[in-house]
Amino acid sequence: MLAEIKGLNEECGVFAIWGHEKAAEVTYYGLHALQHRGQEGAGIVTTDRESLHLHKGIGLINEVFSEGQFNKLNGNAAIGHVRYATAGGGGYENVQPLLFRSQKDSLAIAHNGNLVNAYGLKQQLEAQGSILQTSSDTEVIAHLIKRSGQIELEDAIKSALSMVKGAYSLTILTETQLFVAVDPKGLRPLSLGRLGDAWVVSSETCAFDVTGAEYVREVEPGELITISDAGLHTQRFSSTLERSLCSMEYVYFSRPDSNLNGQNVHASRKRMGKVLAQEAPIEADVVTGVPDSSISAAIGFSEASGIPYELGLIKNRYVGRTFIQPSQELREQGVKMKLSAVRGIVEGKRVVMVDDSIVRGTTSKRIVRMLKEAGATEVHVRIASPPIQNPCFYGIDTSTTSELIAANHSIEEMRELIEADSLSFLTVEGLEDCIVGDNDTMTHGICKACFTGNYPTEIYPDTVLPAYKC
Ligand code: SF4
């Protein structure tokens, strides 16, 4: 679905490279492939072994960078970031990578995820005299590294990571080293690849395909990788815990051509559609998916049910950026601008409308109405994930509990509110089966907390949602 109008917003994307003469350019293309993970800011930091060079700005990657900037981004190693932020967490100073200059060991950090104990750590740091320059939780990591008292930077990073809790897929660049780490639960994805002799790291493997890199493996939960001219060195900073990779990455966030933890996203979504058809069968004439992220699940539903898949909804690809829309009314107009029902397909038909998720429900209602106005005789809504009843503290803006329709209404009440003829969701067991399958949950376990309320890490009373998002 269209994230910015649905109320379910992507988090961030990171990309890094070590040992490539066009490091900044490759990072630019890598970030371009990750643009769906954040559209509000982008930045790249490079190292020429003597100093770090930064360019960042607010906007899409191609708005932030022009050709001239690459002449200043010298060096054969880089980290980059695309960012989504809520209003409270916006602003140039929060755009990553964050760069901290010092006489010895300057460092730049790019972070995907959200720390659940950032608020408490910030209070401690401020009490000890630290002056924080951003409202981002990522800055906490830099201060903890600098204050650790460890001589070796690797040890300082391990010390900092032992204090932070929550979700983080991190890249840290100094003049002479690149560090890569994933939180002990592996909440956010991060993959390692090779581009010729260079090492590359990306939130999603789709950026490897775009840059010509080859996938090597996942960065493991609790792993710290150090890359330098001496090569790649790996170690653990945390004992092995059961993995809790965000299931919404499979449901909605990641690109269908990406592989997460060895599983193709499109194939996983098709399985969700198939299981949904088995769990919630319905008699109908056509199946249609809400573009783009629901199309794979709709194809799976069609294959399992035998009901033909049709393009009953199309997306207008040429509308401008409309995510800065404060009011509900404007959001709803945004839906109209971006989606159209295809009258020639749905008129006189009983339609199964497959969507990946429902957050507030206003978008679903609008699309159901759109299909009926185009002549659909019945609209049966099938959601390829369980009802979202709890907020996410790990970097996904799923809205607060009071805004989540499934947290406040029964399924029948929701059906009435969105004006559908029937409404069903994929079960939590069905979702888990589609993603984890026969794999071991130690290595392939998923986070389902927004559906179940069982968070895989501690949540603190002062864990905050918007301002400290990645
Ligand atoms: S709570 Fe939901 S959105 Fe957040 S990490 Fe877990 S599965 Fe993903």
Side-chain angles (χ1 to χ4, degrees), residues 11 14 16 109 111-118 121 137 141 144-145 148 150 152-172 177-193 199 201-205 215-227 231-250 254 258-263 268 392-396 428 431-450 452 454-460 463 470:
E11 357 91 62
V14 296
I109 302 187
H111 169 205
N112 172 207
N114 191 56
L115 305 181
V116 294
N117 63 340
L121 288 171
D137 56 342
I141 301 171
L144 292 175
I145 292 171
S148 76
Q150 301 286 342
E152 295 297 328
L153 190 55
E154 215 168 49
D155 294 329
I157 292 172
K158 276 162 53 182
S159 161
L161 297 184
S162 70
M163 297 175 73
V164 297
K165 309 278 181 232
Y168 51 88
S169 283
L170 275 182
T171 60
I172 301 174
Q177 290 171 302
L178 168 64
F179 299 92
V180 180
V182 169
D183 68 75
K185 286 285 188 172
L187 276 146
R188 298 272 150 242
L190 199 62
S191 299
L192 182 69
W199 288 104
V201 175
S202 175
S203 290
E204 285 184 45
T205 58
Y215 171 81
V216 174
R217 67 175 175 85
E218 300 298 294
V219 182
E220 305 268 323
E223 182 181 16
L224 173 64
I225 297 175
T226 307
I227 305 173
L232 181 146
H233 167 67
T234 175
Q235 62 187 304
R236 300 201 62 82
F237 64 88
S238 151
S239 54
T240 306
L241 302 175
E242 185 169 300
R243 181 135 207 199
S244 297
L245 178 56
C246 171
S247 54
M248 288 303 288
E249 292 276 357
Y250 290 94
S254 294
S258 287
N259 294 340
L260 301 175
N261 214 5
Q263 309 240 43
S268 303
C392 175
F393 297 101
Y394 304 120
I396 306 285
V428 174
L431 177 76
E432 190 150 34
D433 198 35
C434 294
I435 300 173
V436 182
D438 295 331
N439 290 306
D440 187 350
T441 52
M442 276 307 283
T443 51
H444 284 74
I446 51 170
C447 174
K448 302 158 286 190
C450 47
T452 63
N454 297 324
Y455 294 93
T457 70
E458 258 178 283
I459 299 295
Y460 300 82
T463 297
C470 73

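All residue numbers refer to positions in the sequence shown, counting from 1.
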How far apart are the closest heavy atoms of [X] and [Y], and which atoms are they?
X: Q177; Y: L153; value: OE1-CD2, 4.4 Å
X: D137; Y: G113; value: OD2-O, 4.2 Å
X: L190; Y: S203; value: CD1-N, 3.9 Å
X: E223; Y: I225; value: OE2-CG1, 3.5 Å
X: R236; Y: E220; value: NH1-CB, 4.2 Å
X: E218; Y: G262; value: OE2-N, 4.2 Å

Any non-hydrogen side-chain atom of [X] less than 4.5 Å from a side-chain atom of [Y]?
X: K448; Y: N454; result: no
X: H111; Y: L170; result: yes
X: V201; Y: V14; result: no
X: L192; Y: L232; result: yes

Report, one line per pair, each donor and acceptor closer than 3.5 Å where one atom sits in a side chain of residues 155-168; sequence neighbours left out.
residue, atom, partner, partner atom, Å
K158, NZ, Q235, OE1, 2.7
S162, OG, S159, O, 2.6

Mind checking the [atom1]-[atom2] spacing from [X] to [Y]? Nearest 0.5 Å is all I need.
X: N439; Y: R243; atom1: CG; atom2: CZ; value: 12.0 Å
X: H444; Y: L245; atom1: NE2; atom2: CG; value: 9.0 Å
X: I141; Y: L121; atom1: CD1; atom2: CG; value: 9.5 Å
X: I435; Y: D433; atom1: CD1; atom2: CG; value: 10.0 Å
X: Y460; Y: L115; atom1: OH; atom2: CG; value: 10.5 Å

TODO: Decide, yes or no, whether a salt bridge links E249 with R188 under the criterion of side-chain N to carboxylate O below 4.0 Å.
DONE: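 Salt bridge between E249 and R188, a charged N being under 4.0 Å from a carboxylate O: yes.
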TODO: Dump the intermediate steps for side-chain contact (heavy atoms from CB on, under 4.5 Å) on E458 and V116, then the final yes or no.
DONE: CA-CA 8 Å; E458 258 178 283; V116 294; 5.7 Å; no
Open item on the list: Going by the rule ring pair (Phe, Tyr, Trp, His ring centres under 6.0 Å), which residues pair with Y455 if we only count those two or more places apart in sequence or in a different chain?
Closed with: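 Residues passing ring pair (Phe, Tyr, Trp, His ring centres under 6.0 Å) with Y455: F393.
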Donor-acceptor under 3.5 Å ([X] side chain, [Y] main chain):
X: T205; Y: N259; value: yes
X: Y250; Y: L260; value: yes
X: N261; Y: G445; value: no

- [ ] Taking side-chain contact (heavy atoms from CB on, under 4.5 Å) as the test, write out the residues that go with C447, two or more places apart.
- [x]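 By the side-chain contact (heavy atoms from CB on, under 4.5 Å) rule, C447 matches L187, S244, Y394, A449, P456.
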- [ ] Verify whether one side chain among T226 and E154 offers a donor that lies under 3.5 Å from an acceptor in the other.
- [x]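 Per modelled atom types, T226 and E154 side chains form a pair under 3.5 Å.
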